[in-house]
Amino acid sequence: MRISQFHLATQREVPNDAEIVSHQLMIRTGMIRKLTSGIYTWTPLGLRVLRKVEQVVREEMNASGCLEVLMPAIQPAELWQETDRWDAFGPLLLKITDRAGREFAFGPTHEEVMTDFARAELRSYKQLPICFYQIQTKFRDEIRPRFGVMRAREFLMKDGYSFHMDEACLDDFYQIMHATYSRIFERLGLNFKAVEADSGNIGGATSHEFHVLADSGEDQLAHVPGAQYAANVERAEAVAVGERAAPTEELKTIDTPNAKTIEDLVEQFDQPIEKTIKTLIVEASAESEHDLVALLVRGDHELNDIKAEKLEIVASPLKMATDEQIKKAVGASPGSLGPLNLPLPIIADRQVALMSDFSAGANVDGKHHFGLNWERDLPLPDVADLRKVVAGDPAPDGSGEIELIRGIEVGHIFQLGRKYSEAMNAVVMDEQGRGTHPAMGCYGIGVSRIVAAAIEQNYDERGIVWPEPMAPFKVVILPLNGHKSHRVKEFAESLYDTLTEAGVEVLLDDRNQRPGVMFADAELIGIPHTVVVSDRGLDQGTIEYRPRGSEQREVDMNQIGAFLLGHL
RNA sequence: CGGGGCGUAGCGCAGCCUGGUAGCGCAACUGCUUUGGGAGCAGUAGGUCGCAGGUUCAAAUCCUGCCGCCCCGACCA
């Protein structure tokens, strides 16, 4: 491609709404342009990258036996009503009405459409297992779109769905998909990690996420360096450490008029934070016959919302009680709550159950108890895993100490089970001629998000440093003063022809720009291999070769073609 | 949705407080010069000042309403 024939639209300045590096660079390189909040145009440059990712995904899915389809983006409300997700999916679902007043949604995911397809197409166990996938535009009316295509409302996603006669078969295929995903991210040249995950509102039991590792990632991951264990902190099990020591202190009630937080208590009363208890009041579930529930975590620990709302007694989604609710139920303010004489159901974190001689609010404003001990001063409440893991915690599999890192979720695989096949009555005949609801798996990859995630992981002060498999072009040729020097121009043209004929994606900068502009653009858009043709070099019989992100060197002008072909 | 901020040329901004000719940098266009790190000079073009009302002799500027966008929280590929 000649730049003069291309639409290269780089810019020096970035719009002030671009917060993170990938968003800034995608705008500066001209890969994307915003149409409106969370909705972007992919320019020719950006689309080349998007297609690269898409193609790797497609090839690996095909290689694992999956079959590509393309399903409608617009889906009728009736399908979503069958699974109760028309309402349950909430405002994330973009709803559309046609001229006849019929309701539709712009698909945020395709379980319903796929299950509908399957119930029509799949009749016999002989057709199973089978996996269909598509690469298609989705729309989720995100509460807050941000970071460019990283969290866009409209985005490109690969979603696959598999069907199986039994769980064992599903599990086997799930492992295949796990391996397929790993190959995809390896091929793309990304530093990634697969972690145990929470399955969220898609449903299902077993689930893994694939994360591109980057400090700007929105997700926190718990892993053990050098070992197997890795989980999203949302999900990571917190193991209690140690044993409960025997009481050594007397129970005392102390006036603490100025201690409204755990930090105050620690500072003003010289309490070790590991000896304090944080009492959080949340709304109870409708089935529980309570209004509120108290959750206890150690003072230096944080409540894990996901774990909490999975408890039967706790309302889901989790809702913290208001100050008024607490005042009414307990008679004290949030700064003075504790488990002793608390007129609410109580659930303690595992670690809390091992504490002794601890302090907590007295449920009277301005008073705390010190020297509290379970089973002496108050009964041990129900115990559950409630807290977020922290660095240094032992991994639940005993493999070592947990370290926390950040990642960008780019893939998610689920074992859905029979949730959708039952809800939508998809039935296939088994070997005995009995109708069976097939077990399903579901496998997503955020194709457009991968592009942004790759940049978060691969850039320097000059621009993007594409992993070679994602680069929009492999080589860029810069003829310095090519419009003045015939031999520079001719050499560049001839090299361009050689590489093009060899099937290399090569960009020729034929814009008559000054060298600085050419270098800056080549580096900004992150082309892996730059070739500089100049009079200076030709005088010495050499061509300059600059791999993006490492040292340049001179190559014999007669060898440069072969040299490049050998390096690509 | 709650809290905060911003809408002036393609992009980044000033002007608004204190009403009176709409301005700067980058980008764009023309010419000349320049050519190994985002050039210089000269010139040109480009604006319903987010929209609608109101106040006023006069509104980018003051008032009211609406719309859009961004940031902080809950959601997700």
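The sequence lines fix the lettering, A, B, ..., with proteins before strands; numbering per chain opens at 1. Note that the coordinates shown come from a computational prediction; the quantities given were computed from them, not determined experimentally. Scope of the values below: all heavy atoms of this structure, side chains included, with no hydrogens, waters or symmetry mates.
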Can you tell me if [X] touches the phosphate of [N], counting only side-chain N or O atoms and a distance under 4.0 Å to OP1 or OP2?
| X | N | result |
| --- | --- | --- |
| A/Arg514 | B/A39 | yes |
| A/Lys34 | B/C70 | yes |
| A/Arg144 | B/C72 | yes |

Atom pair distance, as rounded to whole Å: [atom1] in [X] and [atom2] in [N]:
| X | N | atom1 | atom2 | result |
| --- | --- | --- | --- | --- |
| A/Arg449 | B/C75 | CZ | P | 14 Å |
| A/Arg146 | B/C70 | CZ | P | 11 Å |
| A/Ile543 | B/G36 | CD1 | P | 16 Å |
| A/Glu142 | B/C72 | CD | P | 14 Å |

Is [Y] paired with [X] through a side-chain N to carboxylate O contact shorter than 4.0 Å?
| X | Y | result |
| --- | --- | --- |
| A/Arg153 | A/Asp141 | yes |
| A/Arg487 | A/Glu490 | no |
| A/Arg511 | A/Asp521 | yes |

Answer yes or no for this row: A/Phe155 ring on B/A77 base, centroids under 5.5 Å, planes under 30°.
yes
For A/Glu302, give me all partners under side chain to side chain contact (heavy atoms under 4.5 Å, CB included), at least two apart in sequence or on another chain.
A/Lys388
